[in-house]
Amino acid sequence: KEEYIRTSILGPVRQYSGSDMDREFWALFCALLNFQVPVIKWLRPMLNGLRLHIEEEGLAFSDLFYNERLTRSILKSFKWSKSRRGFSHRLVPINDAITLLLTFRRILEDYGSLRSLVEELYKDGGVKHVIKGLAYELRSKLMKPLKCRALVPNPQKGSAMKRLTLFLRWMVRPYPDLNLWGRLINKKELLVSLDTGVARVINRVLGCEFVKHTRWNDMLRVTELLRSINEEDPAKYDYVFSR
């Protein structure tokens, strides 16, 4: 439904018109920032403002990976409302956003594209390995320490990896998602994006405390529940639960 695009950062993710390689990294950037900030009032308009600025300047998103001075200037000055300018996230300082973009450059230099990295991880161990392997790869390539440790999740801590499962959903599923990797990964293999809100709704629907925590094993349990309902597309209920 259009409502799912208007009320999530899938909006600015879909609207970016760069190459497939740039769209992959743009989607990952948006997904990793999707925490602890109001989406409709803050994160969505800010990311849309950044997207518009990049496109109006004739830049590719990947250009920000290679020129730290240019990137810092853009992140400090781009306009995204009548009174607001620049990158602003409650937990992520500009320096961390820049470090993340420099990390993308190292992935691009080593693998040629984000898709190539994911394809390699997928062949080694399926979707679960993609989610955890992508987090490990990002963490291993960080060029500077991050003040916001939550920006790149740590698989060793048992995280449900919500932002990375959401990212993979965007890349694999058909509309309203992007379906850039639909031929690489079958949507039936996707994992659910689990957070406290989704867990609460699932428990209310079932009338019991089916999800006690929001950890990796809880996410797998919810995925199996939804897969038993729809074997071909267990992740399709994401927006139904979260809305």
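Everything numeric in this text was worked out from a predicted model, so none of it was measured.
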Can you tell me how far [atom2] of [Y] sits from [atom1] of [X], rounded to the nearest 0.5 angstrom?
{"X": "Leu43", "Y": "Ser88", "atom1": "CG", "atom2": "OG", "value": "10.0 Å"}
{"X": "Leu50", "Y": "Leu64", "atom1": "CG", "atom2": "CG", "value": "7.0 Å"}
{"X": "Asn95", "Y": "Leu75", "atom1": "CG", "atom2": "CG", "value": "10.0 Å"}
{"X": "Leu134", "Y": "Leu121", "atom1": "CG", "atom2": "CG", "value": "7.0 Å"}
{"X": "Leu117", "Y": "Lys141", "atom1": "CG", "atom2": "NZ", "value": "7.5 Å"}
{"X": "Asp96", "Y": "Leu91", "atom1": "CG", "atom2": "CG", "value": "10.0 Å"}

- Test: Glu109 and Arg106 ion pair at under 4.0 Å: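 Here Glu109 does not pair with Arg106 in a salt bridge, since their nearest N and O are not under 4.0 Å apart.
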- Query: Does Asp20 come within less than 4.0 Å of Arg23, counting only side-chain N to carboxylate O?
  - Reply: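 So Asp20 pairs with Arg23 through a salt bridge.
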Taking all heavy atoms of [X] and all of [Y], pick out the closest pair and write down the distance.
{"X": "Val37", "Y": "Arg90", "answer": "CG2-N, 3.8 Å"}
{"X": "Ser77", "Y": "Ser73", "answer": "OG-O, 2.7 Å"}
{"X": "Leu28", "Y": "Phe167", "answer": "N-CE1, 3.5 Å"}
{"X": "Lys187", "Y": "Pro174", "answer": "CD-CD, 4.0 Å"}
{"X": "Val39", "Y": "Pro45", "answer": "O-CD, 3.8 Å"}
{"X": "Tyr122", "Y": "Glu189", "answer": "OH-OE2, 2.7 Å"}

Say whether, by atom type as modelled, one donor and one acceptor occur between the side chain of [X] and the main chain of [Y] under 3.5 angstrom.
{"X": "Arg14", "Y": "Pro176", "result": "yes"}
{"X": "Thr223", "Y": "Met219", "result": "yes"}
{"X": "Trp80", "Y": "Leu47", "result": "no"}
{"X": "Arg169", "Y": "Ala235", "result": "yes"}
{"X": "Arg84", "Y": "Lys79", "result": "no"}
{"X": "Asn230", "Y": "Asp233", "result": "yes"}
{"X": "Asp177", "Y": "Asn179", "result": "no"}
{"X": "Asp63", "Y": "Ala60", "result": "yes"}
{"X": "Asn203", "Y": "Val211", "result": "yes"}
{"X": "Arg227", "Y": "Leu190", "result": "yes"}

Would you indicate whether the side-chain heavy atoms of [Y] and [X] approach each other to under 4.5 Å?
{"X": "Val118", "Y": "Arg115", "answer": "no"}
{"X": "Leu32", "Y": "Leu164", "answer": "yes"}
{"X": "Phe35", "Y": "His89", "answer": "yes"}
{"X": "Tyr16", "Y": "Glu55", "answer": "yes"}
{"X": "Phe241", "Y": "Leu226", "answer": "yes"}
{"X": "Ser62", "Y": "Phe25", "answer": "no"}
{"X": "Val92", "Y": "Phe87", "answer": "yes"}
{"X": "Met171", "Y": "Leu180", "answer": "yes"}

- Task: Start with the C-alpha distance between Ile9 and Leu33, add both sets of side-chain angles, then the distance that settles side-chain contact (heavy atoms from CB on, under 4.5 Å), and finish with yes or no.
- Result: CA-CA 10 Å; Ile9 58 171; Leu33 292 170; over 6 Å; no
- Item | Residue pair Lys128, Leu191: steps toward the side-chain contact (heavy atoms from CB on, under 4.5 Å) verdict | CA-CA 8 Å; Lys128 295 176 187 176; Leu191 303 174; 4.2 Å; yes
Same apolar cluster (I L V M F W Y, side chains within < 4.5 Å links), [X]/[Y]:
{"X": "Ile107", "Y": "Met21", "value": "yes"}
{"X": "Leu52", "Y": "Phe78", "value": "no"}
{"X": "Tyr136", "Y": "Leu168", "value": "no"}
{"X": "Trp170", "Y": "Leu184", "value": "yes"}

- Parallel, tilted or perpendicular: which fits the ring planes of Phe61 and Trp26, with parallel below 30° and perpendicular above 60°?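 Aromatic pair Phe61/Trp26 classed perpendicular.
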- Any idea how Phe104 and Phe29 line up, ring-wise: parallel (<30°), tilted (30 to 60°), or perpendicular (>60°)? perpendicular
- Query: With a 3.5 Å cut-off and no angle check, do the side chains of Thr196 and Thr214 form a donor-acceptor pair?
  - Reply: no
- Determine whether the side chains of Arg51 and Asn48 contain a donor N or O and an acceptor N or O closer than 3.5 Å. yes
- Item | Stepwise side-chain contact (heavy atoms from CB on, under 4.5 Å) check, Leu108 with Tyr66 | CA-CA 11 Å; Leu108 192 55; Tyr66 292 91; 3.4 Å; yes
